[in-house]
2 protein chains.
Amino acid sequence: MSSENRCENCIIRQFNSLRAMSKEELKQVSDSKTSKTIKKGEAIFEEGEKLNGVFCVREGVSKLSKLSSNGKDQIVKLATKGEVMGQRSVIAEETSNLSAVAVNDMELCFIPKEVIVNTLHKNPDFTFEVLRLMAHDLKEADDVIVNISQKTVKQRIAEAFIYLKANYGEDAEGFLTLSLSREDIANVVGTATESCIRIISEFKKKGLLKSSGKKLGILDEKKLKDLAEGF
Amino acid sequence: MSSENRCENCIIRQFNSLRAMSKEELKQVSDSKTSKTIKKGEAIFEEGEKLNGVFCVREGVSKLSKLSSNGKDQIVKLATKGEVMGQRSVIAEETSNLSAVAVNDMELCFIPKEVIVNTLHKNPDFTFEVLRLMAHDLKEADDVIVNISQKTVKQRIAEAFIYLKANYGEDAEGFLTLSLSREDIANVVGTATESCIRIISEFKKKGLLKSSGKKLGILDEKKLKDLAEGF
DNA sequence: AAATATATATGATAATTGTCACCTTTTCAA
DNA sequence: TTGAAAAGGTGACAATTATCATATATATTT
């Protein structure tokens, strides 16, 4: 294995809990991990599946979603470069409550749970780091709950675009780096695909968004923000 | 201080992360903690407030809510006997993202954050236990997101009553032990108070719920469950 | 390049839910 | 105990959003 594939040398690690691991622990992770390439649209794991480890995102974006009883998928979180997926299930020793599907082509590392659990019980710094990140996820989940229940679909879609720009940026021509389908956006904000399409069309007509092929870009961020806040 | 007020002897502790503390750590907690009595309707802490410790619920129930930009309160969680409030903020070293208000008369212990943070960095078992409970909270939050965005108000209210019975039980006459105001129920499910009142009235007419004074009771749990599932 | 599938778009309509106004009952403090 | 405040309740209506049908554009496969 080339040295760039060793966790010790992986830059990604700086963004997640693995940065709190000792050299020996990292070596263990590195020796037991496997790399995976996942194509856009492919599943990484399914809701209800027992996870034998966690997935560290090296490249690409994954949508974490949960199927509701009415057959619709609700996207609960987008996981990006550096983020670790599946830790909640491993920690709680439960099957996954979410499915993970690649939004674009991805590179992942799979780390067997034994190494993780082992470190969790031995290295308080690592455990605390995992805890800190989960505390952050929980806060974000609280925010999502409030937004979904108190804001209109229009507000939430406006907010989604601001989020996409803030978290994934835009290219030289001002188009969003991460392009989600209308259906995915609908599943993020919790609405019907048609409603989502309608509102995006409206935003384009009003000069808030622009589009070129599959790409969408923000033209008037301030107005979008005002809209999201309810003005 | 009488021995019953020592954490070492507190039964409540068995239900939260403090059960993973060592004798010496518990002694520290016990020596530094203060007890508080909070009357129904009083605030324990406010959104945006810097918390200098965590609150352990000894008696009563607290609603944890977040104000949305439209002025409505969304109740994100109900905290009961044994649960610890405010840990998320202490761990993330952020101001609280939620407010806590007593739903009925409460008894709380306030534990200064130094003791908690100290133990978090020294005792991996404790840290892991906090992590495990937070993982559970996060799963519940995911479920709330899916429910709010995919189920109708009627389904969510039906579900809320099932939740109240399952988690707080009922008295000898079959009335729910925890009685929330219609406004609180509305704020749990994320709807307007009037809509909530209307649907509760409908449930009473249909023989799913009964009421006597302020008390509400479940008459037909099976039908409520079917309703919540969308039948 | 044609055929097929998938994504986007839009109209018409119905269902759900929120808002405002007003009323009654209950609770609570003076 | 009595008046004020809060909670519960209901009607009328408006706004929001979902659903269904159908059309068009774009991508993908053969």
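Nothing here was measured: the structure is a model prediction, and the numbers come from that model.
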Tell me which nucleotide among [options] gets nearest to the side chain of [X].
| X | options | answer |
| --- | --- | --- |
| A:Ala192 | D:dT10, C:dA9, D:dA18 | D:dA18 |
| B:Arg182 | C:dT17, D:dT16, D:dG9 | D:dG9 |
| A:Glu183 | C:dT17, C:dT19, C:dA7 | C:dA7 |
| B:Lys214 | D:dG9, C:dT27, D:dT19 | C:dT27 |

Take the protein atom [atom1] of [X] and the nucleotide atom [atom2] of [N], then report the distance between them rounded to whole Å.
| X | N | atom1 | atom2 | answer |
| --- | --- | --- | --- | --- |
| B:Gln155 | C:dA15 | CD | C1' | 13 Å |
| A:Ile197 | C:dG11 | CD1 | C1' | 14 Å |
| B:Lys151 | C:dT17 | NZ | C1' | 18 Å |
| A:Asn187 | C:dA7 | CG | P | 12 Å |
| A:Phe203 | C:dT10 | CZ | P | 15 Å |
| B:Glu194 | D:dA12 | CD | C1' | 13 Å |

Evaluation steps, salt bridge (Lys or Arg N to Asp or Glu O under 4.0 Å), between B:Glu107 and B:Lys36: CA-CA 6 Å; B:Glu107 276 181 55; B:Lys36 297 197 176 192; over 6 Å; no
Atom NZ of A:Lys81 with >12 non-hydrogen neighbours under 6.0 angstrom: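 No - once you tally the heavy atoms of other residues, nucleotides and ligands closer than 6.0 Å, there are 12 at most.
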B:Glu93, CD atom: more than 12 neighbouring heavy atoms under 6.0 Å: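 Check fails, neighbour count at 12 or below.
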Earlier contact from the 5' end, DNA chain C, for B:Lys40 and B:Thr152: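 So the residue in question is B:Thr152.
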5' precedence on DNA chain C between B:Gly190 and B:Gly213 (nearest-nucleotide basis):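 Result of the comparison: B:Gly190.
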Touch class at under 4.0 angstrom, heavy-atom based, for B:Thr191 against every strand present: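 B:Thr191: backbone/sugar contact only, no base atoms under 4.0 Å.
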Flag for A:Glu83-A:Asn16: side-chain donor and acceptor within less than 3.5 Å: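 On atom types as modelled, these side chains do not qualify, holding no pair under 3.5 Å.
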Donor-acceptor pair (no angle test) under 3.5 Å: B:Arg198 side chain, D:dG11 base: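 Result: at least one qualifying N/O pair found.
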